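Here the structure is a predicted model, which is why all the values come from computation and not from measurement.
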Amino acid sequence: GRAWAESGDVSDARDWLDRALHLDPGLVEAEIRLAHLACDVDDPSVAVARMDRLLAASPDRIDALVARSRARTLCGDVASAITDLKAATR
């Protein structure tokens, strides 16, 4: 999924990441990559929702907190983004 995402072929990147999640639903890296794709090309609120679900199961995931912070910033929710960053640094 990483190579596809970096190549700029968003549709293929999303397909590969979705396939990876189908094979291993607990693959956090794929979830986070999909959140970054949502921020970059779709709707950052989709990324927030994705990271909310991930963090509900794993609240101490620093990478997910940072990804959600980015998405929240793009949504204009700077206060919540700062809260996520503070939680990531504890």
Q. Are the side chain of Thr73 and the backbone N or O of Ser69 linked by a donor-acceptor pair below 3.5 Å?
A. yes
(Q) Is the shortest side-chain heavy-atom distance between Val46 and Leu34 below 4.5 Å? (A) no
Q: State, to 0.1 Å, how close Ala88 and Val66 come at their nearest heavy-atom pair, and which atoms those are.
A: CB-CG2, 4.2 Å
Q | Nearest heavy-atom neighbours spanning Ala30 and Leu21 | A | CB-CG, 3.8 Å
Q | Leu74 to Cys39 - nearest heavy-atom pair and separation | A | CD1-CB, 3.6 Å
Q. Which heavy atom in Leu27 sits nearest to a heavy atom in Ala20, and how many Å separate them?
A. CD2-CB, 3.7 Å
Q | Side-chain touch Arg19/Asp15, heavy atoms, less than 4.5 angstrom | A | yes
Q.
Considering only residues two or more places apart or on different chains, which pairs with a residue in residues 76-90 satisfy salt bridge (charged side-chain N to carboxylate O under 4.0 Å, His left out)?
A. Arg68-Asp84, Arg72-Asp84
Q | Leu17 side chain reached by Leu37 side chain, heavy atoms, under 4.5 Å | A | yes
(Q) Is there a side-chain contact between Met51 and Arg61 in this structure, where contact means two heavy atoms from C-beta onward sitting under 4.5 Å apart? (A) no
Q. Does Arg33 come within less than 4.0 Å of Asp63, counting only side-chain N to carboxylate O?
A. no
Q: Could you check Cys75 against Val48 for side-chain contact (heavy atoms from CB on, under 4.5 Å), going step by step and ending with a plain yes or no?
A: CA-CA 9 Å; Cys75 288; Val48 171; 4.3 Å; yes
(Q) Working note: His36 + Ile32, criterion side-chain contact (heavy atoms from CB on, under 4.5 Å); need CA distance, chi angles, decisive distance, verdict. (A) CA-CA 6 Å; His36 285 299; Ile32 291 171; 3.6 Å; yes
